[in-house]
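One structure below.
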Amino acid sequence: DAKTTQPTSMDCAEGRAANLPCNHSTISGNEYVYWYRQIHSQGPQYIIHGLKNNETNEMASLIITEDRKSSTLILPHATLRDTAVYYCIVRVTGGGNKLTFGTGTQLKVEL
Amino acid sequence: NAGVTQTPKFQVLKTGQSMTLQCAQDMNHEYMSWYRQDPGMGLRLIHYSVGAGITDQGEVPNGYNVSRSTTEDFPLRLLSAAPSQTSVYFCASRTWYLSSGANVLTFGAGSRLTVL
């Protein structure tokens with residue numbers, strides 16, 4: 001699976017959009033980008049995934065660059081409850097069982 | 001539908017004691033896994049199972065045993081606990097959505113283990 005690079009931490013004002021970047025420059029053509037988050041002391045939670053196209057669901061939007069070497073997770077109207085560690089993971093869907101989590105980005109949403 | 005249930009939530013052991021962390025899921029998922037999470041670190045895969053009767057090692061398997069006798073249950077055993085095994089343990093099960101290519105893990109709430 002391709003390696004990902006994320007900033008260690010980010011801050012965001014409540015009500016504003018939170019844009020979390022992820023670099024995956026070694027991604028291959030059959031690898032998906034997944035995002036999970038972990039609110040303090042809880043188990044990680046799946047947010048969204050994508051291959052080439054931008055994706056949106058009830059939680060967030062995922063923007064993948066045309067060369068697929070980076071992506072951005074967007075929380076359109078961040079709330080205090082979105083304070084969490086966000087993990088960007090790249091892997092081949094259905095291929096392999098060793099899903100690897102890095103250290104992620106600590107997002108702090110403040111008033 | 002309870003999802004993934006882990007017990008106990010908290011446990012304190014003495015060095016050399018043994019114990020089992022329980023994990024159960026009611027989603028009929030074939031794949032289940034155990035992770036540990038230490039302060040300032042991401043999750044590290046301990047063991048995983050792709051179905052009843054089949055288990056395999058992850059990144060950090062030493063000191064842990066698993067078995068998978070049913071689809072629902074995937075217990076993690078510490079045969080002789082060591083202080084280095086103080087950690088938060090998460091169990092997860094996985095489902096694939098073939099139409100979208102999604103490979104989604106559902107995690108339990110975690111079990112916090114302290115070994116003195």
Side-chain angles (χ1 to χ4, degrees), chain A residues 1-9 22 27-60 62 64 68 84-106, chain B residues 2-6 9-10 23 25 27 29-51 54-61 66 68 74 87-112:
Chain A
D1 296 333
K3 180 181 170 63
T4 62
T5 303
Q6 299 178 252
T8 303
S9 64
C22 180
I27 193 171
S28 60
N30 61 348
E31 288 183 309
Y32 284 69
V33 180
Y34 291 84
W35 284 84
Y36 285 76
R37 74 179 182 183
Q38 185 175 22
I39 296 170
H40 181 63
S41 298
Q42 298 180 21
Q45 175 190 24
Y46 165 79
I47 301 173
I48 198 168
H49 80 287
L51 182 62
K52 295 180 183 178
N53 300 321
N54 299 337
E55 302 287 346
T56 295
N57 64 18
E58 65 279 3
M59 291 183 69
L62 175 60
I64 302 174
R68 302 187 70 239
V85 177
Y86 288 78
Y87 297 98
C88 170
I89 301 163
V90 174
R91 72 185 306 270
V92 177
T93 188
N97 295 300
K98 299 182 181 181
L99 187 64
T100 302
F101 286 75
T103 53
T105 296
Q106 171 65 64
Chain B
V4 177
T5 302
Q6 291 184 233
K9 285 186 167 51
F10 301 94
C23 177
Q25 52 96 6
M27 298 173 284
H29 290 168
E30 292 295 329
Y31 176 93
M32 296 184 72
S33 55
W34 277 101
Y35 290 83
R36 62 176 287 175
Q37 186 172 38
D38 301 301
M41 299 183 70
L43 290 93
R44 292 184 291 171
L45 182 65
I46 305 172
H47 284 285
Y48 65 94
S49 169
V50 297
I54 306 169
T55 63
D56 205 347
Q57 297 181 349
E59 300 173 71
V60 289
V66 292
R68 186 90 179 274
F74 190 42
S87 189
V88 181
Y89 293 84
F90 291 100
C91 178
S93 68
R94 184 180 74 189
T95 188
W96 289 347
Y97 296 98
L98 295 178
S99 59
S100 67
N103 189 332
V104 175
L105 289 174
T106 301
F107 285 84
S111 297
R112 186 176 298 272

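Heavy atoms only: backbone and side chains are in, while hydrogens, waters and symmetry mates are out. All chains are named by letter (A, B, ...) in the order of the sequence lines, taking the proteins before the strands, and each is independently numbered beginning at 1.
The residue among A:G43, A:P44, A:G50 with the most heavy atom pairs within less than 4.5 Å of chain B is A:P44.
Across A:Y87 and B:Q37, no two heavy atoms sit closer than the pair OH-NE2, 3.2 Å. Of all non-hydrogen atoms in B:L105 and A:Y36, the two that sit nearest each other are N-OH, 2.8 Å.
Every residue two or more places apart in sequence or in another chain that forms a salt bridge (charged side-chain N to carboxylate O under 4.0 Å, His left out) with B:R44 is listed here: B:D38. Checked against salt bridge (charged side-chain N to carboxylate O under 4.0 Å, His left out), A:R68 has no partners two or more places apart in sequence or in another chain.
Of the atoms belonging to B:V88, not a single heavy atom falls under 4.5 Å from chain A. With a threshold of 4.5 angstrom between heavy atoms, A:Q106 does not approach chain B through any atom at all. In this structure, chain A has no heavy atom under 4.5 Å from any part of B:Q6.
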